[in-house]
Amino acid sequence: MTDLLRFPADFVWGASTAAYQIEGAAEEDGKGPSIWDTFVRRPGAVRDGHTGAVACDHYHRLDEDVALMRRLGLDAYRFSISWPRVLPAGAGRVEPRGLDFYDRLVDALLDAGIEPTPTLFHWDLPQALEDEGGWMVRDTAYRFGEYAAVVAERLGDRVRRWITLNEPFVHMSFGYGFGVHAPGRALMLDALPVAHHQLLGHGLAVAALRAGARPDAQVLIANNCSPVRLRADAASAADRLAADAYDALHNRLFNDPLLLGRYPDLSAYGLADPSWGGVVQDDDLKVIAAPLDGLGVNYYNPTWITAPADPAAGLPFDLAEPQEAYRRTAFDWPVVPDGLTELLVGLKAGYGDALPPVWITENGCSEPAGVDDRARIDYLAGHVGAVARAREQGVDVRGYFTWSLLDNFEWAEGYHQRFGLVEVDFETQTRTPRASFEWYRALIAAQRP
Ligand code: GBH
């Protein structure tokens, strides 16, 4: 199996993490509060009241963690920068100690021969900006552009690959639509401006990075994309319309403006268009569609959809369960590697030459605690194979980042879900590489000429 997975020598092998999920040090060195620092204190928001206040204590264990990455043989490491560590109030005063931390991280990675791949926003908005309306208001997009310029000024001489946003769909829907993530607002479809303001912020950040980073720097965004499937027993015209509606909201609402410079017609599904109410202003789509050097794709599983049981209830689709008995991860997500091939081939078919090179910026699974994680090896082998098949079919995939290097704070699930190649004991902070770590190390080593 794994010996057959040969990729070109320049294919990039990586692992991903995010600031709030691993750093801890939530109140150190002048860091301002983020919406996650606030949200975790809300009773019932996170399982068992877990918080990211300490998490993997990565803020104090940077050298140990980079040593693990070196052992793994990573080409690249995707981490995120905590906006309120750099700008405690989201704008205005810069906290040099926050920038110092990422400066040290970038240098440690470069010393280890690992390409630093920072994401500017992985959901930890400065609370001060949420107090002004968060991503529901246009100003936050401008503040994001300014923050990008501050980071580019400090790290832009050394970072060659940047990611602006992580999963704007999940941040909109979980954070502002359903309220199950920070900032915990349940606006349902009224949350649509959050999509536009994040995308506008992305475009402004691209401009800031083009101006302030190295001329050879690449800029990407990480969208979570999900191929939409129908159950075999639910394939009526109404089911197909529901599937299209879900695809429009989950995938095309973000990919179309970025790659084609226009929004999908949501009104075709009875959904409000984001241009309603003057949210989309003249020239915004030009800013959003600034050329990208790559599209980051986070893939976990397909989504099954049926026509809504009660069309008057709100959403023009219902989420469904597949009929097939797929293996389930510890999170109960179905394991469907061919969904990744389907997704990648579908992106190429849909966007054609408008699709830039693709990077898998997240893929992985939660499995039970313990180091003998053969299920994770199966998951990873299946999905790396799915990438190989998409490449054979002409999709230009340049790299694969697994989620995640370490067990970490899994948002509303707290520490109950373990996604790491490395097990973390959250009492002692002991790191123990799992079987999957050795498997990934061997996979990467086997690609070397
Ligand atoms: C990512 O989000 C995040 O970027 C990362 O921070 C996080 O730790 C990681 O994934 C793991 O969760 O309803 O059963 O079909 C992933 C977003 C949203 C992907 C829910 C899977 C549905 C599973 N996820 N989704 S299911």
Side-chain angles (χ1 to χ4, degrees), residues 14-23 34-36 39 46-47 50 52 55-56 58 78-82 117-125 163-175 177-178 180-182 198 220-229 231 243 246 249-251 254 296-306 315 317-324 326-336 339-340 343 359-367 376 379-380 383 401-421 424:
S16 298
T17 64
Y20 189 71
Q21 296 182 269
I22 67 164
E23 284 179 0
S34 82
I35 55 174
W36 272 94
F39 184 69
V46 177
R47 244 174 107 184
H50 291 172
C56 305
H58 170 74
R78 175 177 175 236
F79 58 97
S80 83
I81 295 177
S82 161
T117 309
T119 301
L120 290 173
F121 180 69
H122 199 125
W123 305 349
D124 47 354
L125 189 76
I163 297 172
T164 56
L165 304 174
N166 179 69
E167 300 190 350
F169 170 75
V170 175
H171 190 54
M172 172 186 77
S173 57
F174 285 26
F178 303 126
V180 295
H181 280 181
Q198 286 184 95
L220 287 66
I221 186 170
N223 277 345
N224 68 308
C225 302
S226 184
V228 183
R229 291 188 176 182
R231 291 165 53 108
Y246 188 80
L249 205 55
H250 185 134
N251 298 308
F254 297 89
V297 167
N298 295 358
Y299 172 77
Y300 288 91
N301 52 257
T303 306
W304 279 265
I305 291 296
T306 59
L315 294 171
F317 50 79
D318 279 348
L319 297 171
E321 286 295 328
Q323 285 157 299
E324 298 86 347
Y326 292 111
R327 188 181 82 76
R328 299 278 174 156
T329 71
F331 218 145
D332 203 32
W333 299 350
V335 179
V336 192
L340 179 52
L343 170 67
W359 297 73
I360 307 304
T361 35
E362 283 182 30
N363 175 247
C365 58
S366 166
E367 299 298 344
R376 180 173 286 106
Y379 182 101
L380 296 176
H383 288 79
F401 291 72
T402 189
W403 184 272
S404 181
L405 179 71
L406 305 168
D407 288 344
N408 59 50
F409 176 78
E410 177 52 34
W411 308 115
E413 292 282 308
Y415 299 98
H416 291 290
Q417 306 293 344
R418 295 178 176 270
F419 278 87
L421 300 182
V424 177

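Each ligand, and each atom within it, is numbered from 1 in the order the structure gives.
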Aromatic rings Phe39 and Trp36: how do their planes relate, parallel, tilted or perpendicular, breaks at 30° and 60°? perpendicular
What residues, two or more places apart in sequence or in another chain, satisfy salt bridge (charged side-chain N to carboxylate O under 4.0 Å, His left out) together with Glu362? Arg78
Please name all residues satisfying ring-ring contact (aromatic ring centres under 6.0 Å, His included) with Phe174, sequence neighbours left out, ordered by chain then number. His181
Apply ring-ring contact (aromatic ring centres under 6.0 Å, His included) to Phe401 and list each qualifying residue two or more places apart in sequence or on a separate chain. none
Name the residues in contact with ligand 1, where contact means a heavy atom under 4.0 Å away: which are they? Gln21, His122, Trp123, Asn166, Glu167, Val170, Phe174, Tyr300, Asn301, Trp333, Glu362, Trp403, Glu410, Trp411, Phe419
Under 4.5 Å between any side-chain heavy atoms of Phe419 and Gln21, yes or no? no
If you define the side chain from C-beta out and look only at heavy atoms, does anything of Ser226 sit under 4.5 Å from Phe169? no
